[in-house]
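Scroll down for the structure; my scribbles are underneath it.
These numbers come from the heavy atoms of this one structure, side chains and all, not from hydrogens, waters or symmetry mates. Along the sequence shown, residues carry numbers from 1.
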Amino acid sequence: MMSMVLRQGRHVVLFRRGGMRVPSVMGMLEARESAARVRVEELRAEADRVRVELVEAEAVLGRRVVALAELAEVLAAGAVLQEPVRPARVPVEVKEPVAGAVVPQWREGVTGEVLAPEYRRLLAVLEAGSGGQGLRARDLAARLGLELVPAKVEGVRVKAKRLVARGWLAEERPGLFVLRCRRSE
């Protein structure tokens, strides 16, 4: 029986008489190694997923153990679960509106003193400098001494729109703010 050895890259292929091709032992071992590497990577990924699940399950178990211990302690002390204790109401007297406070609805007889300081400043600027014509948000920001950057101008616009919505100001034309009492004159 005559055979011939032919090397193709890293693989050695044996040829036997009759044209039958037989792979070498080295080629078979390399294929098995490659399959084993794939399996190892799959198992590592699975192990990582299981480790994450284990950590989460241990955290849940820890919380449950603590809850059970707390309940056993309360029951052992003879405490009877009743209606929850509610804190006593403490009267709060607000003398001065604070920044960020809710803008109240305007009604007859209410003065600007109920407004937070930044809203009172806005009303004062309109009273002092609009001449009945009204001011735009950019002009208001400038007269309030703010930087004329979009964020500051937009902040003034939002405050003015809020005062319009609550009846303190009027918007004669889009973006032109005037005092409410000026509109009725």
Side-chain angles (χ1 to χ4, degrees), residues 1-94 96-105 115-119 121-122 137-138 140-141 144-166 174-175:
M1 181 186 255
M2 189 167 130
S3 63
M4 180 169 76
V5 176
L6 177 63
R7 184 175 274 297
Q8 292 181 341
R10 290 178 38 193
H11 303 287
V12 176
V13 179
L14 291 176
F15 285 98
R16 295 190 178 208
R17 192 171 13 186
M20 190 173 177
R21 195 170 148 182
V22 179
S24 72
V25 174
M26 180 68 99
M28 289 190 295
L29 288 176
E30 287 174 347
R32 285 181 163 206
E33 177 193 9
S34 178
R37 282 185 195 281
V38 169
R39 181 69 179 140
V40 165
E41 289 304 314
E42 289 171 353
L43 290 173
R44 282 185 180 147
E46 178 71 14
D48 289 343
R49 186 190 61 76
V50 169
R51 268 190 229 107
V52 168
E53 275 188 45
L54 177 62
V55 168
E56 291 171 357
E58 286 174 340
V60 169
L61 175 63
R63 288 194 305 268
R64 303 255 164 89
V65 166
V66 169
L68 185 60
E70 289 285 327
L71 179 62
E73 186 179 312
V74 168
L75 293 176
V80 179
L81 297 177
Q82 297 176 352
E83 198 173 313
V85 178
R86 291 190 168 76
R89 294 184 185 256
V90 177
V92 177
E93 188 176 318
V94 178
E96 181 73 25
V98 293
V102 176
V103 176
Q105 189 70 35
L115 296 172
E118 65 265 21
Y119 290 100
R121 285 182 57 211
L122 227 159
R138 184 173 184 80
L140 284 168
L144 286 168
L146 301 174
E147 289 181 74
L148 295 180
V149 295
K152 300 289 185 179
V153 173
E154 189 59 29
V156 170
R157 183 184 333 280
V158 167
K159 285 180 177 69
K161 290 277 192 180
R162 191 169 296 132
L163 288 171
V164 168
R166 301 292 198 283

**Report entry** Note, Val60 side chain near Glu56 side chain (heavy atom, < 4.5 Å)
**Finding:** no
Query raised in the report: Around Glu147, counting heavy atoms of other residues, nucleotides and ligands shown, do more than 12 lie under 6.0 Å from its CD?
Result: no
Query raised in the report: Which pairs with one or both residues in residues 37-50 pass salt bridge (Lys or Arg N to Asp or Glu O under 4.0 Å), sequence neighbours excluded?
Result: Glu33-Arg37, Arg39-Glu42, Glu41-Arg44, Glu46-Arg49, Asp48-Arg51, Arg49-Glu53
Query raised in the report: Does some side-chain heavy atom of Leu122 sit less than 4.5 Å from a side-chain heavy atom of Leu115?
Result: no
Query raised in the report: Can you list the residues that meet the side chain to side chain contact (heavy atoms under 4.5 Å, CB included) rule with Arg138, with sequence neighbours excluded?
Result: Leu148, Val153
**Report entry** Residues in salt bridge (Lys or Arg N to Asp or Glu O under 4.0 Å) contact with Arg157, at least two apart in sequence or another chain
**Finding:** Glu154
Query - Pairing residues for Arg63 by the salt bridge (Lys or Arg N to Asp or Glu O under 4.0 Å) criterion, not counting sequence neighbours - result: none
Report summary line: Applying salt bridge (Lys or Arg N to Asp or Glu O under 4.0 Å) to Lys152 and not counting sequence neighbours gives none
